Amino acid sequence: MHDLNPPQRAAVLHTQGPLLVLAGAGSGKTRVIVEKIAHLIASGRMPAKRIAAITFTNKSAKEMRERVGKRIKGDAADGLTICTFHALGLKFLQIEHAAVGLKRGFSIFDSDDSSAQVKDLMSGAKPDEVEAAKNLISRAKNAGLSPDEALAAARGNREKEAALLYQRYQARLSAFNAVDFDDLIRLPVQVLEGNADIAAAWRERIGYLLVDECQDTNDAQYRLLKMLAGERGDFTCVGDDDQSIYAWRGANPDNLLAMARDYPKLQIVKLEQNYRCSNRVLRVANALIAHNPHEHLKKLWSDQPDGDRIRVWECRDNDHEAEKVAAEIAFLHTARNAPWSDFCILFRGNFQSRPLEKALQLLRIPYHLTGGTAFLERQEVKDALSWLRLVANPDDDTAFLRAVQSPKREVGATSLAKLAELAQSAHLPLSRAAESMAALRQLPARAGNGLSAFNDIIGDLRDHAATLSAKDLLLRLIERSGLLAELRAQCKDEASFQRRRANLDELADWFDGGPRGGNVGDLAAQLALLSRNDKDDGGNQVRLMSLHAAKGLEFRYVFIVGCEDGTLPHEISVEEGNLEEERRLLYVGITRAKQALWLSYSRQTRRFRELVRLKPSRFLDELPQSELQRDGADPVADAERKKERASAGLAAIQAMLDG
DNA sequence: CAGGTTCAGTTTTTT
DNA sequence: ACTGAACCTG
């Protein structure tokens, strides 16, 4: 506590009523949250089990859990809730499912499942139309609107059509006993706002609320926060409007302003001392973000030394750019004896990682890519999860359709269409229709046999669901379903079979160490919330990730590649007039750097089949030029670079000899 | 019905 | 370059 600076201490000690902490980048906001939790518990102000700390990503929840674990020894922190908004909403629905007409074991549809439904409802629509419609539905949900409310609010034909689609989409979901990601927020809000008893019970349960990154709340999340905090509003919200980078999924930084209106007693504390970045990095970041209009004035300062010059590199193309970055990392790793984990490469879009990976591999530099093919998006994992979903939730037609065809069991499109027809006229979910003898008799013999074999396996798994642990059930499922055998048959070589099998083992491990609860459906639902960024990181590796994924992290050496107009700012954002958010994105990237920063751009890139000329990002012109060192402007730097190239070349030759 | 082949479209960020 | 959809064949 005594290491805290005065505003940090004020934020920690303020425990009655609403508090907003405007925390600049690197100003120790996580530390304040952790200290505050410790203080609330130690002072007896609130027992751990009535404190909830809410984050936006699983990654930050995990990080916070670790830091709390280090700060609070023993069992004092037992019962503390630290999770994402979505995980909290899920927990809420698992308890209050009856209030929104959901049955136990309900499924969570991921984006792909949602897209498939929308596509099906809009027969014949092109993929981008489907995505657009899905986004409209998502926007309505993030605004906290029910289908009826959306219809009432719709102006003009297009909006009306979208609202009607939302209605049909939602009807599907409830027929499937399923919710999508957005419902995890919207439905709890609906329950809390419409049911005083339940709201009172939850306020008893959660006596103090802390919300991290609250500039990222969307309207539905803000309403959830208000309902949980109640009139008194015992909460601490921590946020930074300069780091708001999720407007595209409904985040509304105006919620920070709304908070002052809704809670007249709101206290505001500003954290303006940055402990992370070199002074030079901070000057550059401040100059950039000064180009955005500001509601809350905040002046970040640092008493750190100036650190290294900020390098701006012009490259021939992305391969050249990647080679330069990799060479520089290899050079500094040796020259400064810096561990690989000191380095981070940031980019706007995940697709930009490819050339970088190639270049790092060539130099034998170990790296970890955050956000590669998501674990949960792997075919074998999705297959197994579909089986599990169906075991827990017979109404889940989406899970049925996937499970029944993986592995293949001679039930094809024609038979499934027939089955759907029968299910519809009998008002049954597909999996129930598939169990009826009458239906089986109407299908071709081969398909009928396939289906009854499938039914037997599902029945066996349901019989064991109550007695086996979740992990054992999953293992039984992987074996019984034939997924394992199919995987072996599919893979050409043993190595790839073992690799994919390891994914299934990992899934089982998640169940093993995962949150307890007994109910398989609950576990499957929690798994659905895991994202691509949650896989183990750490280790002594160079880190590669998108600018979005980098929020909250810090590294000694940061490379931001693709600083081109059209890439950063992204052209879609420019078209939509979201330049300010793109600027904040670069601001977030720059403020990750503790000591040194590189900004690079290419003159051209290969896009699909043609070469495209690129211009340097307009943001580079907004930086104080005196702080930058352009490539080639300095003979000393050039000499250094020559050395790097030589060492990169040596390393490459060495790598080839080794290979 | 399943597995293979060709061919078009494709790239923003995440729970 | 890489993926998924459409089409073709045993």
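Source: prediction; values computed, not measured. Here is the naming used below: chain letters follow the sequence lines, and residue numbers restart at 1 for every chain.
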Distance in angstrom units between R354(A) CZ and dT11(B) C1', rounded: 12 Å
Check ion pair R172(A)-D397(A) (N to O, under 4.0 angstrom): no
When the P atoms of dG4(C) and dT13(B) are compared, how many Å lie between them, rounded to an integer? 16 Å
Would you kindly say whether D565(A) and Y601(A) are connected by a side-chain donor-acceptor distance under 3.5 Å? no
Ignoring the backbone of I572(A), work out which of dT12(B), dT11(B), dA5(C) is nearest its side chain. dT12(B)
Out of dT12(B), dT15(B), dT11(B), whichever nucleotide has its closest atom nearest the side chain of F351(A): dT11(B)
Under 4.0 Å, counting only non-hydrogen atoms across every strand here, what does S111(A) touch: a base, just sugar-phosphate, or nothing? base
F56(A) ring center within less than 6.0 Å of H86(A) ring center: no
Which residue, S573(A) or L416(A), contacts DNA chain B at a nucleotide closer to its 5' end, judged by nearest heavy atom? L416(A)
Under the 5.5 Å and 30° test, is H86(A) stacked on the base of dT15(B)? no
Of the listed nucleotides (dT13(B), dA2(B), dA5(C)), which one gets closest to any side-chain atom of S546(A)? dT13(B)
With a 4.0 Å cut-off on heavy atoms, is R606(A) in touch with a base, just the backbone sugar-phosphate, or nothing at all? nothing
Atom pair distance, as rounded to whole Å: CD in E575(A) and P in dT12(B): 11 Å
To the nearest Å, give me how far apart CZ (R584(A)) and P (dT13(B)) are. 18 Å
Atom pair distance, as rounded to whole Å: CG in D216(A) and P in dT13(B): 17 Å
If you look at every strand shown and take non-hydrogen atoms under 4.0 Å, does F85(A) touch a base, only sugar-phosphate, or nothing? nothing
Determine, using ring centers only, whether F400(A) and F454(A) are less than 6.0 Å apart. yes
Could you say whether K408(A) or E581(A) is positioned toward the 5' end of DNA chain B, judged by the nucleotide with the nearest heavy atom to each? K408(A)
